[in-house]
Structures are given as structure tokens and as C-alpha cells.
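Reviewing the structure listed below.
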There are 2 protein chains.
Amino acid sequence: MTKQRKLPLYVQIKNKLVTNIKEGVWQPGEAIPSESQLIEQYNVSRTTIRQAIQDLAQKNVLETRRGAPTRVRNEPQIELGNPGIIHHELGTDFDVKVLRAETLKEHYYASYQLQLEENEDVYLIERLRIADNKPIAFQRMFVPLPIGEKVTTFSAEAFDIFPKLGEHNIHHTNIRELVSASNATQYEADLLGIIPGGALIDIERTTLGIDSQPIEYSRTRYLPEFFHYRVEIGK
Amino acid sequence: MTKQRKLPLYVQIKNKLVTNIKEGVWQPGEAIPSESQLIEQYNVSRTTIRQAIQDLAQKNVLETRRGAPTRVRNEPQIELGNPGIIHHELGTDFDVKVLRAETLKEHYYASYQLQLEENEDVYLIERLRIADNKPIAFQRMFVPLPIGEKVTTFSAEAFDIFPKLGEHNIHHTNIRELVSASNATQYEADLLGIIPGGALIDIERTTLGIDSQPIEYSRTRYLPEFFHYRVEIGK
DNA sequence: CATCATTTGTTCGTATGTATA
DNA sequence: ATATACATACGAACAAATGAT
């Protein structure tokens, strides 16, 4: 049935450990049973247990320390979105301010990016990202009208809208980002409190839903000193 | 003297294997001696040899396949460990111009990034990237002196030095990039043919060798309209 | 095409070292 | 200081895939 009989023992053990973690039997930060306990429980050799644990420690699921019990990692980077890419806003106290939120009858480029038909409306939200009472980014976000109606209810609360969208059963699969740089326009400069022409990090993002249709196209311009865009390749 | 006596046996073995690769005793793509040969050669158990090899295999330095000899990896994962990152210079005809190449006696920040000792010298190369006879990027690259001596021989031929370094048996594992934006200084503006203050894409890169020691730290500033930095997350 | 020696993969058992609580 | 935990290291045996004869 499960066909697991043909998998190596240590892989079977590994699967069982992962299952226990996913089902919350062992909570993050908690210690899992010791090697000798697992040996008894599963009736296998120490080698087998260790290989399973080592693999998971390698994948940052478990954390081992000589002399101390093996624990489930706190931040289970279940690599669902961050394969080495880190966006990081600098600051301690964050806020959002909605500048504009309305339906657009005509916006060729946004419609194109969202792959909408001619007659479909686009919803535009312009927002300011604020950290420690200082504006650090300006965002223009375009979404299809049906999504816009939902987004507008919380666009003033959370800058990252996708966790909230998830609560409304709108999930995303792929995110594509084009990182560039641009000089602040007079409008942007006024908003961000810098001189016109100042360099901004320019992030153009397209987010795809589960059906691979775009659900968001946005351009965000960050003050360089308040945003880290870090990429790690390899390992 | 080397203090290696206190390191675990398998780590010592690992270091010896890495040394053999770095010195070109075993070329990329080539098979290393079998486990039983290594057992005889180093007079340790199979467990020890296997742990060393497994560590390196998992770091993508070696490649193991059941039944077949273990080999040194060819190109350290051009796309495999890569979560969809595309750097793309726009243009058809590319060239490089070396502006400066010399040993620096003192450069605190570069030394820190390269994790060098106080007394170790740093080699600096300043280059201009040219596309279709137009300068599109300015790069300041810092490398440890031993590597600098090799890089200098081809730094005027290839902008991407790592394939060339590979031919000299200097391989890399991890690349970390921090993408930001900055305003062109007077000097950069003159080099790139723009006005001072113009926005540039600023890429700060640290490259690690197979022994996880940094082998390059560089800052490259691109004209935004001639460089795409694209990231794809998910799937 | 089948055979077979070689090579890596899996699993057991055992012993000792070393950090933690 | 002691018991417990993980880390290192040895040896042995069989399984499974490979590559050459």
C-alpha cells in the first residue's frame, strides 16, 4: 500500500519524524526523543537513527548539539518561499498609509501585466510604507477588480498583503521580481522626504495565483538605506 | 603545528580531499580514488572516509553515484542550487577595460569581507564593463593576493571571472549578493557618461571557495537600463 | 546478452570521546 | 560530580548499481 517497504530504513524513519513534526506531536523548539529512545521505539540501529536525524539537521528541520537533546527548529524554513532570498526592511516600528485606492477604467500596461481582457477593470492602490514614523517606500499596486475589493479592506493594516489574502483563500504560487534602480520623481521625493533624483531601489513584482494567472502587479520604490535585498546562491 | 591533530579525523580527511581538488591533483569531472583505496591510503575506517565524502558531496564539491566512482563536480551548479536568479546585461557586443589593478597595503573593509588577517594584502581591480562601445558598469573587485595574481592575467578578457578561475582550479560554492541602489559619484558619472547623482544598481557580492573561505568581494554599479536582475520564487 | 569484479549504499554492532544539564 | 546526550570511530556484512569482459 504505502510501498514504504522498499525505501531505505533511514528514509522511512525520516518520514516518520517529519510526520510527527508536521502533526505537532513535537512542537518547534521542543526536544525530540533521544537516540536511544528512538532506537527502542523503531527497533533499528543507532546508525539508522543518526542518518535520519543528520539528514533533517542538514535541512534545518532539526537542530543537534553535542550533549544536549535534539530539537525541532523554531523557524522551520520549510522553504516554501525563501530559497535564499531575503527582503528586509530596516526599522522597528512599521506602518502603512493608503494614499489612493480606486478602480481604473484604463491602464494599458497594468492590464497587460495582469493578463486582463480589454473590458476588465483594474484596481489601483497607492501606499506609503512607514518605518519608525519615516516613509521608506512608495508602492503602486495593481490587482484585478475582484481581488481589489478584498484587498482594500486590509491594505491599510498590512504592507505584505499575501498572508491576509491567504485567509480569503486567495493563494499564490510564483513570484517574479525585477530589481532595478531609479531616480526619484518630484512626487516620490516629496513623499519620501528626499531630493528629486535621489536613487531608489525599484522592485517590479508579478504574483501568480494557483491557476498561474497573475493576481498582482506592483512597483515599489524603496529608499536604499532602509531596504536589503539579499540573494544567496549555491551551497 | 597545523593544530589539525585536534580536529576530528573525518574533518582532517575532508581537508585533504579539498586540498587535492584545489591543487588540481584531481581535476573537475575526474574520479577520486575509491573508498577502499582511501581507507588504505589514510589508514582509517570506511565510516570516516564516507563521512568526509558525504559532507563534500552534500556541499556539491563531490558527486557520488551508487556503483560508480565518486567524481569532482564539473561546474559547481550553474542552475541547480539556483532559485531562479537571472542577471542579464543588455547589449550585443561586450568588452572589459581594466582601469586599475594593484596590491593594497591597507583596506580595512575589504580585508574584513575577505576574512583576511591584518598582515595579508588585498588585491584590487577596478574595471569598466562595456556593451556596444558604451560603458554600462563600474566594478571594484577585491580578492586575496594569491588569487589576484591569477585573476590579473585575464581580468581584461572576461567580465565574469569565475569560469576562468575554474580553469585554474579555484572553485566557488556560495555567492551572496546584496542588491541596492546608489547615486553616481562624480567619478562614476564621468566613467559611465551620465550626470552625477544618476541612479545606479549597486551589487555587493561575496563569493566563497570550496573551503568556505571568501575568494572575492566586489561592488558593481550598473546603469539601470542596461542590467536586469530578476528573481523567481516559488513553483 | 549475461557474467562478474568493483564501487557506493544501507544496516547492524560496539566502543570511546566530549559537551550538557 | 554524575548521568545523559550527541559525536566520533572502528569493524563487518550484505544490497544494489555500474562498467567492463
Side-chain angles (χ1 to χ4, degrees), chain A residues 2-18 20-21 25-74, chain B residues 2-18 20-21 25-74 80 212:
Chain A
T2 43
K3 202 202 272 192
Q4 288 232 346
R5 295 297 143 209
K6 306 182 67 173
L7 288 176
L9 256 181
Y10 78 93
V11 176
Q12 296 179 40
I13 302 286
K14 207 165 62 171
N15 290 337
K16 288 179 184 180
L17 299 183
V18 167
N20 277 334
I21 295 168
V25 180
W26 303 324
Q27 295 288 328
E30 231 178 78
I32 72 170
S34 74
E35 290 178 359
S36 31
Q37 285 173 313
L38 292 172
I39 289 168
E40 280 217 10
Q41 182 173 345
Y42 295 121
N43 203 38
V44 294
S45 75
R46 174 122 193 266
T47 314
T48 306
I49 293 290
R50 276 188 67 76
Q51 187 156 0
I53 289 177
Q54 202 181 36
D55 271 30
L56 292 175
Q58 187 69 53
K59 283 202 286 185
N60 279 322
V61 176
L62 294 178
E63 175 185 20
T64 69
R65 214 164 33 117
R66 160 180 267 168
T70 297
R71 298 179 172 281
V72 180
R73 269 214 193 277
N74 267 314
Chain B
T2 44
K3 201 200 278 191
Q4 288 231 346
R5 294 296 143 208
K6 305 180 70 174
L7 288 176
L9 255 181
Y10 79 93
V11 177
Q12 295 179 40
I13 302 286
K14 207 165 62 171
N15 289 338
K16 288 179 184 180
L17 300 184
V18 167
N20 277 334
I21 295 168
V25 180
W26 304 324
Q27 295 287 328
E30 231 178 79
I32 73 171
S34 74
E35 290 177 1
S36 35
Q37 286 173 312
L38 292 172
I39 288 168
E40 280 217 11
Q41 183 173 344
Y42 296 120
N43 202 37
V44 295
S45 73
R46 182 153 179 235
T47 314
T48 305
I49 294 289
R50 277 187 67 75
Q51 185 155 4
I53 288 176
Q54 202 179 39
D55 272 28
L56 292 175
Q58 170 269 326
K59 278 206 290 183
N60 281 323
V61 175
L62 294 178
E63 177 185 19
T64 69
R65 213 167 33 120
R66 160 181 263 167
T70 298
R71 297 178 172 282
V72 180
R73 269 215 193 278
N74 258 320
L80 273 174
S212 291

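Every chain is numbered from 1 and lettered A, B, ... according to where its sequence line falls, protein lines coming before strand lines. Because only heavy atoms are used, hydrogens play no part in the values below, and waters and symmetry mates are left out as well, while side chains stay in.
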Phosphate OP1/OP2 of dT11(C) contacted by Q51(A) side-chain N/O (<4.0 Å): no
Sugar-phosphate only, base, or nothing, as touched by T48(B) at under 4.0 Å among non-hydrogen atoms: sugar-phosphate
Polar atom pairs between nucleotides 2-9 of chain C and protein, under 3.5 Å, N or O only, would you list them?
residue: dT8(C); atom: OP2; partner: E35(B); partner atom: N; Å: 3.0
residue: dT8(C); atom: O4'; partner: G67(B); partner atom: N; Å: 3.4
residue: dG9(C); atom: OP1; partner: T64(B); partner atom: OG1; Å: 2.9
residue: dG9(C); atom: OP2; partner: R50(B); partner atom: NH1; Å: 3.1
residue: dG9(C); atom: OP2; partner: R50(B); partner atom: NH2; Å: 3.3
residue: dG9(C); atom: O4'; partner: R66(B); partner atom: NE; Å: 3.2
residue: dG9(C); atom: O4'; partner: R66(B); partner atom: NH2; Å: 3.4
residue: dG9(C); atom: N7; partner: R46(B); partner atom: NH2; Å: 2.7
residue: dG9(C); atom: O6; partner: R46(B); partner atom: NH1; Å: 3.0

Nearest non-hydrogen partners of A52(A) and Y10(A), listed with the distance: CB-O, 3.5 Å
Enclosure of E40(B) CD (heavy-atom neighbours >12, cutoff 6.0 Å): no
Test side-chain contact (heavy atoms from CB on, under 4.5 Å) applied to L9(B) and Y42(B), step by step: CA-CA 10 Å; L9(B) 255 181; Y42(B) 296 120; over 6 Å; no
Rounded distance in Å - CD (Q54(A)) to C1' (dT10(C)): 14 Å
Check: E30(A) side chain, V72(A) main-chain N or O, donor-acceptor pair, under 3.5 Å: no
Q58(B)/Q54(A) under side-chain contact (heavy atoms from CB on, under 4.5 Å): CA gap, chis, key distance, verdict: CA-CA 12 Å; Q58(B) 170 269 326; Q54(A) 202 181 36; over 6 Å; no
Test salt bridge (charged side-chain N to carboxylate O under 4.0 Å, His left out) applied to E63(A) - qualifying residues, sequence neighbours left out: R73(A)
Residue pair D55(B) / V11(B), side-chain heavy-atom distance below 4.5 Å: no
I53(B) side chain reached by L38(B) side chain, heavy atoms, under 4.5 Å: yes
Range on DNA chain D touched by chain B - first to last nucleotide, heavy-atom distance under 4.0 Å: dT8(D) to dG19(D)
